[in-house]
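A short worksheet on the structure shown next.
Source: prediction; values computed, not measured. Just so it is clear, the values below take in all heavy atoms, side chains as well, and ignore hydrogens, waters and symmetry mates.
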Amino acid sequence: MTLDLTPDQLLSTTRAVRKRLDLTRPVPRELIEECVDLAVQAPTGRNRQRWHFLVVTERERRLAVADIFLRALSMGTGEPLTERDMWRMNYHSASTARVFDGLGHLAANIHRVPAFVIPAVEGRTDRAPVATQAGTWGSILPAVWNFMLAARARGLGTVWTTAQAPLERELARVLGVPYEKVMLAAFIPLAFTIGTDFKPAPRIPREEVLHWDRW
């Protein structure tokens, strides 16, 4: 069963869900498989189809993965924020506050999330030139977004995180992934949502991001 959403509604209300994940309901395998089937309809560079989706639902392995997520989360720093970053983040300050509040909630409850989806792609881009990076990431990101849209249409919530990055090698070992050949692109908690009435997010004005003919 899918939600009654128009394409515009689906695109504008597929939110990063943190505080409204239903931590009490398991996610049926068949729903996840449906989402993966739609994910791999995405475009992929040179039709190489190097994508993979690791789904973790078994309790002991899920707890081990959750522990890695928490430890990695405390290690991540990200790129330094610029003045423009700060302006954009605070254009709707309440929105940014909700993001960090939601992150705290997710971290406190990560061990209760019923499923983790970890998209991966064959081929590492460590220190690779931009052209190589663009081709590799451009072959996994559209598929993951397809997955997240398909999940939303089925009443499931997701949130794209890259918290696994500082401990990617350890996570790969726990999941049996050949680290030297495969990148773990993201770490996506997956659960049914509490309610389905998500709304478009406040964003900076279109004029700040739309450029005609030149920058």
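With a 4.5 Å cut-off on side-chain heavy atoms, I32 and C35 do not count as touching. A heavy-atom distance below 4.5 Å is found between the side chains of V113 and L23. Side-chain contact between M183 and W137 is present, with at least one heavy-atom pair separated by less than 4.5 Å. With a 4.5 Å cut-off on side-chain heavy atoms, E168 and Y179 count as touching. W145 is listed as a side-chain neighbour of T14, based on a closest heavy-atom distance under 4.5 Å.
How far OG1 of T193 is from CZ of R20: 6.5 Å, rounded to the nearest 0.5 Å. Rounding to the nearest 0.5 angstrom, the gap separating the CG atom in L81 from the CE atom in M89 is 5.5 Å. Separation of atoms CG (D101) and OG1 (T96) is listed at 12.5 Å; rounding is to 0.5 Å.
Smallest separation of non-hydrogen atoms from L38 and N146: O-ND2, 2.9 Å. Across P119 and V144, no two heavy atoms sit closer than the pair CB-CG2, 3.5 Å. The shortest heavy-atom contact between W51 and A143 is CE3-CB, 3.6 Å. Closest approach of P142 and G138 over heavy atoms only: CD-O, 3.2 Å. Here the closest heavy-atom approach between residue V27 and residue L190 is recorded as CG2-O, 4.1 Å. Pairing each heavy atom of G45 with each of S139, the nearest pair is N-OG, 2.8 Å.
The side chain to side chain contact (heavy atoms under 4.5 Å, CB included) test with P189 singles out one residue from I110, V17, V117, T158, and that residue is I110.
Proximity of a side-chain donor or acceptor of Q49 to a complementary backbone N or O of T44 within less than 3.5 Å is not detected. Side chain of N109 to main chain of H105: a donor-acceptor pair is present (N/O by atom type, distance under 3.5 Å, no hydrogens or angles). Not one N or O on the side chain of D67 forms a donor-acceptor pair closer than 3.5 Å with the backbone of L63. Side chain of T13 to backbone of Q9: a donor-acceptor contact under 3.5 angstrom is found.
For CZ of R71, the number of neighbouring non-hydrogen atoms (other residues, nucleotides, ligands) closer than 6.0 Å is greater than 12. Under a cut-off of 6.0 angstrom, the local environment of CZ in R124 is crowded, with over 12 non-hydrogen atoms contributed by other residues, nucleotides or ligands. The local environment of CD in E30 is crowded, with over 12 non-hydrogen atoms from other residues, nucleotides or ligands closer than 6.0 Å.
Salt bridge absent: R62 and E58 never bring a charged side-chain N and a carboxylate O closer than 4.0 Å.
Cluster annotation: V40 and L54 are assigned to distinct hydrophobic clusters (Ile/Leu/Val/Met/Phe/Trp/Tyr, side-chain heavy-atom contacts under 4.5 Å, transitive).
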Evaluate the salt bridge (Lys or Arg N to Asp or Glu O under 4.0 Å) criterion for residues R112 and D22: first the C-alpha distance (whole Å), next the side-chain angles of each, then the deciding distance (0.1 Å), finally the verdict. CA-CA 9 Å; R112 300 175 60 200; D22 188 338; over 6 Å; no

Could you please spell out the steps behind the salt bridge (Lys or Arg N to Asp or Glu O under 4.0 Å) verdict for R88 and D85? CA-CA 5 Å; R88 286 185 288 254; D85 289 333; 3.0 Å; yes

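When the side chain to side chain contact (heavy atoms under 4.5 Å, CB included) test is applied to V182, the partners found at least two apart in sequence or on another chain are A120, E122, V177, P178.
Classification of the F187-F116 ring pair by plane angle, with boundaries at 30° and 60°, yields tilted.
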Donor-acceptor pairs are to be reported for all side-chain atoms of residues 198-215 against protein atoms at under 3.5 Å, with residues two or more places apart or in another chain.
from	atom 1	to	atom 2	distance (Å)
E208	OE1	R84	NH2	2.9

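The salt bridge (Lys or Arg N to Asp or Glu O under 4.0 Å) analysis of residues 129-156, with sequence neighbours excluded, yields the pairs E34-R154.
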